[in-house]
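Notes follow once the structure below has been shown.
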Protein chains: 2
Amino acid sequence: MNKPSNTADDILAAGRRFIVAGGYNGFSYADIAEVIGIRKASIHHHFPSKVDLVQTLVRRYLEDAVTGMAELERNVPEPPELLRTYAGFWARCIEDASRPFCVCAMLASELPALPPEVAVEVRAYFQFLSGWLTGVIERGAGQGALTISAAPRVEAEAFMATVHGAMLSARAYGDTAAFATIMTPTLQKLIPGIQ
Amino acid sequence: MNKPSNTADDILAAGRRFIVAGGYNGFSYADIAEVIGIRKASIHHHFPSKVDLVQTLVRRYLEDAVTGMAELERNVPEPPELLRTYAGFWARCIEDASRPFCVCAMLASELPALPPEVAVEVRAYFQFLSGWLTGVIERGAGQGALTISAAPRVEAEAFMATVHGAMLSARAYGDTAAFATIMTPTLQKLIPGIQ
DNA sequence: ACGAGACTACCAACTAGTAGGTAGATTATG
DNA sequence: CATAATCTACCTACTAGTTGGTAGTCTCGT
């Protein structure tokens, strides 16, 4: 069922690691060529330009998020647990250094300097994520399972902002546990009845 | 009282604008030379290397924050108003596009790819800011003027994370008002007795 | 006369991207 | 079945332009 080793996918995976570490201008075709063991020109065969490469990468990142969230909602139906699982997912990714930062959060920070084709994909990711969180929070508040003090959309934006800011702090301090430390009280304020 | 036009300061100011827009790798000596109207080589006279330039820039950014916060505390003594004024400062900076992002939040995002001399300065900024916020929140909670559900240090980290994440969202959406929209309920959760 | 601050003129290394070619697999056709 | 055409995936070798940085010179105010 799993596809054979594919160079294009290897390039995208390497590109993702580089973007997570240093952003759009933090890597070159030469860097990718070296880590996956092919020549620079061969990357151009798969992705004619750097814009193509990063555009494809971000588009696939969003697709993965869409299917990931759908599966998450199938496995974890309750809104409070959904938020906790989402935050826990990132806590693990950061702690085991497998995905120490969100690709789109990284790219969003340098949005004014990004090629417009990439910028539009990054914006789409933010819109999807905030839309998904709005739905979860709206449902949770309707059930009385979440305590909110503003409109679901606004609470969702605040939650998403805290997640991204917590990633940033964990990185700034070089302390992977900082993410969970920040998210715990944030979740507690939304979920009633736990101390 | 105000110093005469100083090229070194002009270089730092231009560098700051470029970093805010696109990070450490998002600008070159040539870019700075062009906007301030001197030759590339003349910048090396003031800052021998790019590391020197950015290190000086971030160090001064922290110094300005230290004196700025001290002055803020002299003018606005009450913790709730202090937090509101701090958030309001950034809201204005973002809305009038004068400082659409925090230099150190920007650099922190690409910390793993940063020269270590710069990284250490960025870390120092985060430590100062979280320390200052911890003090304000601790004092406010002691007076009963702020409602907190975790240790002051943790509340301060969460507040700072939300500020940085809200900047990121405002940038991602291209909507300067998003920052204030996110910060309003965040402040309301901390400040009792307002609806 | 001297130093600060600017200049011209370089440099090696790196950037994304191109040109042209090769080996091998796949597909179409007589 | 054979063979010709095409395609995929890579290669070497190159381009024009940019990167941070250096060396040496000119100019101007004190």
Side-chain angles (χ1 to χ4, degrees), chain A residues 3-19 21-58 60 106-107 110 112-119 121, chain B residues 3-60 103 106-107 110 112-119 121-122:
Chain A
K3 292 172 201 157
S5 167
N6 179 247
T7 305
D9 288 347
D10 292 348
I11 294 168
L12 290 174
R16 199 186 58 212
R17 285 196 302 274
F18 279 121
I19 288 175
Y24 187 87
N25 292 307
F27 73 101
S28 71
Y29 270 44
D31 293 325
I32 293 182
E34 202 192 334
V35 299
I36 70 167
I38 58 169
R39 295 301 162 135
K40 203 166 63 77
S42 308
I43 302 176
H44 284 284
H45 169 74
H46 296 278
F47 303 99
S49 76
K50 198 178 182 182
V51 170
D52 290 317
L53 167 49
V54 177
Q55 198 178 18
T56 307
L57 192 154
V58 177
R60 194 159 306 181
M106 193 71 213
L107 292 173
E110 40 186 6
L114 243 42
E117 301 94 319
V118 175
E121 305 291 341
Chain B
K3 293 171 199 158
S5 166
N6 178 247
T7 304
D9 289 346
D10 292 348
I11 293 169
L12 290 173
R16 200 186 59 213
R17 285 196 303 273
F18 279 122
I19 288 175
V20 164
Y24 187 86
N25 292 308
F27 74 101
S28 71
Y29 270 44
D31 294 324
I32 294 182
E34 201 193 335
V35 299
I36 71 168
I38 58 169
R39 296 300 164 137
K40 207 164 61 80
S42 307
I43 302 175
H44 285 283
H45 172 74
H46 297 278
F47 303 98
S49 77
K50 198 179 182 182
V51 170
D52 290 318
L53 167 50
V54 178
Q55 197 177 18
T56 307
L57 192 154
V58 177
R59 214 171 265 170
R60 193 159 305 179
V103 166
M106 193 70 214
L107 292 174
E110 40 187 7
L114 242 43
E117 301 95 320
V118 175
E121 305 292 340
V122 170

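Order of the sequence lines sets the chain letters (A, B, ...), proteins ahead of strands, with each chain counted from 1.
Ser42(A) comes within 4.0 angstrom of a nucleotide base, judged by non-hydrogen atoms across all strands. No engagement by Phe47(B) is indicated, since no non-hydrogen atom pair under 4.0 Å with the nucleic acid exists.
Per the geometry, CZ belonging to Phe27(B) stands 17 Å off C1' belonging to dT15(C), to the nearest Å. Between the P atom of dT18(D) and the CG atom of Asn25(B) lies a distance of 17 Å, rounded to the nearest Å. Between the CG atom of Asp52(B) and the P atom of dT22(D) there is a distance of 10 Å, rounded to whole Å. Residue Ile43(A) contributes atom CD1, which lies 11 Å from atom P of dT15(C) at whole-angstrom precision. Rounding to whole angstrom units, CD1 of residue Ile38(A) and C1' of dT8(D) are separated by 13 Å. Atom CG of Asn6(A) is separated from atom C1' of dC10(D) by 14 Å (rounded to the nearest Å). Rounding to whole angstrom units, CD1 of residue Ile32(A) and P of dA16(C) are separated by 9 Å. We find that CZ of Arg39(B) is positioned 17 Å from C1' of dG24(D), with the value rounded to whole Å.
An OP1 or OP2 oxygen of dT19(D) is reached within less than 4.0 angstrom by a side-chain nitrogen or oxygen of Ser28(B). Under 4.0 angstrom from either OP1 or OP2 of dC10(D) there lies at least one side-chain N or O belonging to His46(A). Residue His45(A) places none of its side-chain N or O atoms closer than 4.0 Å to OP1 or OP2 of dC10(D).
One finds the CG atom of Leu57(A) at 12.0 Å from the CG atom of Asp52(A) (value rounded to the nearest 0.5 Å). Rounding to the nearest 0.5 Å places OG of Ser42(B) at 8.0 Å from CD1 of Ile11(B). Rounded to the nearest 0.5 Å, atoms CZ (Phe47(A)) and OG1 (Thr56(A)) are 5.0 Å apart.
Phe27(B) places a side-chain heavy atom less than 4.5 Å from the side chain of Lys50(B). The side-chain heavy atoms of Leu53(B) and Ile32(B), taken from C-beta on, include a pair separated by under 4.5 Å.
Taking 3.5 Å as the limit, the base of dG21(D) and the side chain of Lys50(B) contain no donor-acceptor pair of atoms between them.
If you find the closest nucleotide of DNA chain C to Ala30(A) and to Ala41(A), the one lying nearer the 5' end belongs to Ala30(A).
The side chain of Lys40(A) approaches dG17(C) more closely than any other nucleotide in the set dG5(C), dT19(D), dG17(C).
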